[in-house]
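Please read the structure below before turning to the comments.
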Amino acid sequence: MQPSDYEDLTPAQAIAYQHELRRQINITPLLSPISIIGGADISFNKYSEVVYAGIVLFSYPELKIIGQATAISKTKFPYISGLLAFREVPALLNAWDKLTIKPHLMVLDGQGIAHERRTGIATHFGLITDTPSIGSAKSRLTGRYDEPGNQPFNQSPMYDKGEVIGTALRSKKNCKPIYISPGHRISMEQSVEVIKSCVRGYRIPEPTRQAHLLVNKIRIEDGDNNNRQINLFD
DNA sequence: GCGACAG
DNA sequence: ATCTTGTCGC
């Protein structure tokens, strides 16, 4: 199965593929040192098939931006809860291929194994590129958890079917928690530690925060090359 | 059948 | 996700 063929898959076929990917997930501690970390995100205009993908590279743990790559592509696969990767990974790979240097670890905007089939976008991307990855989501997809305390870095485990699938992390006081889960080739504990070391005063950790700013910037610049936005509260 | 539901 | 302005709370 090639990412370029994702848009031809039916939801049932996409789910079948996730079951296949699930068998290859490796959630063991990352042993090699990391000095380059990347953040990825997607942006798009409502009702448009154009998607803007971007990846920002940082030195780690200093978190100085040392590179980036973007790609503008199209997708027909709609957003379906649980199948986000089939809509966004193809675009992200186009940006990934443009990187002259590959990061040692990637942070994706979405779930890792904190997914019904343990195949969130971070896990999916990590498997496809064979790169250690972490999922950092702004909201919960699945899993039960107790609300973490209201102090920075207070955390609470997320459970699903008897297993720990993620960590609800209070990245900033008085802000909703973010949901961290390993994507591939990294442990739950390491994932949380890395994300904590990437928080710089904002709820969203720098890798995905900067990637988000980047893709929105190129989307506005592109103006979607003639796509209009009509908004009457929908 | 009902409620939930990453971006 | 995206569109929007003001507004409430730390």
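Here the structure is a predicted model, which means the values were calculated and not measured. Chain naming here is simple, since letters A, B, ... match the order of the sequence lines and numbering starts at 1 in each. Hydrogens, waters and symmetry mates play no part in the numbers below; they use all other heavy atoms, side chains included.
When all heavy atoms of A:Ser181 and A:Gly112 are compared, the pair lying nearest together is OG-N, 2.7 Å. Here the shortest heavy-atom pairing between A:Tyr6 and A:Phe77 reads O-CD1, 3.4 Å.
Nearest-nucleotide positions on DNA chain C place A:Glu88 closer to the 5' end than the other of A:Lys173 and A:Glu88. Mapping A:Asn174 and A:Ile42 onto DNA chain C by nearest heavy atom places A:Ile42 at the nucleotide closer to the 5' end.
Between the side chains of A:Thr75 and A:Arg87, no donor N or O sits under 3.5 Å from an acceptor N or O.
Across B:dA4, B:dG7, C:dC3, the shortest atom-to-atom separation from the side chain of A:Ser139 is found for B:dG7. The side chain of A:Lys46 approaches C:dT2 more closely than any other nucleotide in the set C:dT2, B:dA4, B:dA6. Here the nucleotide nearest the side chain of A:Arg87, chosen from C:dT2, B:dA6, B:dG7, is B:dG7.
Note on A:Ser43: a side-chain N or O is less than 4.0 Å away from OP1 or OP2 of C:dT2. At least one side-chain nitrogen or oxygen of A:Tyr79 sits closer than 4.0 Å to the OP1 or OP2 atom of B:dA6. Using a 4.0 Å cut-off, some side-chain N or O of A:Arg140 falls inside it from OP1 or OP2 of B:dC5. A sub-4.0 Å separation between OP1 or OP2 of C:dC3 and a side-chain N or O of A:Arg219 is present. A close approach under 4.0 Å does not occur between any side-chain nitrogen or oxygen of A:His115 and OP1 or OP2 of B:dC5.
The nearest whole Å value for the distance from the CD1 atom in A:Ile121 to the P atom in B:dC5 is 19 Å. For the pair A:Tyr202 OH and C:dC10 C1', the interatomic distance rounds to 16 Å; values are reported in whole Å. For A:Leu213 and C:dT2, the CG to P distance is 11 Å, given to the nearest whole Å. Atoms OH (A:Tyr47) and C1' (C:dC3) sit 10 Å apart, rounded to a whole Å. Here B:dA4 presents its P atom at 17 Å from CE of A:Met158, a figure rounded to the nearest Å. In this entry the distance linking CG of A:Leu84 with P of B:dG7 reads 8 Å, nearest Å. Atom CD1 of A:Ile204 and atom C1' of B:dG7 are 12 Å apart (whole Å). Atom CD in A:Glu116 sits roughly 11 Å away from atom P in B:dC5 (whole-Å rounding).
Figure legend: A:Arg209 and A:Tyr202 shown as a cation-pi pair, the cationic atom lying under 6.0 angstrom from the six-membered ring centre and within 45 degrees of its axis.
Note on A:His212: only backbone sugar-phosphate atoms sit closer than 4.0 angstrom, heavy atoms only; bases stay farther off. Among the protein residues, A:Gly82 comes within range of the nucleic acid bases, having at least one heavy atom under 4.0 Å from a base atom. Using a 4.0 Å heavy-atom cutoff across all strands shown, A:Lys138 reaches sugar-phosphate atoms only and no base atom. A:Asn150 comes within contact range of no nucleotide atom at all, as no heavy-atom separation falls under 4.0 Å. Counting non-hydrogen atoms under 4.0 angstrom, A:Leu92 reaches nothing in the nucleic acid.
A salt bridge is defined here as a Lys NZ or Arg NE, NH1 or NH2 lying under 4.0 Å from an Asp or Glu carboxylate O, and A:Lys76 with A:Asp8 fails to meet this definition. Between A:Arg118 and A:Glu163 there is a salt bridge, since a side-chain N of the basic residue sits under 4.0 Å from a carboxylate O of the acidic one.
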**OP:** List the steps and the verdict of ring pair (Phe, Tyr, Trp, His ring centres under 6.0 Å) for A:Tyr60 and A:His104.
**Re:** CA-CA 10 Å; A:Tyr60 186 88; A:His104 302 145; 9.8 Å; no

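When base pairs are accepted only as Watson-Crick or G-U wobble with both N-N or N-O distances under 3.5 Å, DNA chain C takes part in no stem of 3 or more pairs.
A:Arg185 pairs with exactly one of A:Thr131, A:Asn26, A:Asp130 by the side chain to side chain donor-acceptor pair (under 3.5 Å) rule, that one being A:Asp130.
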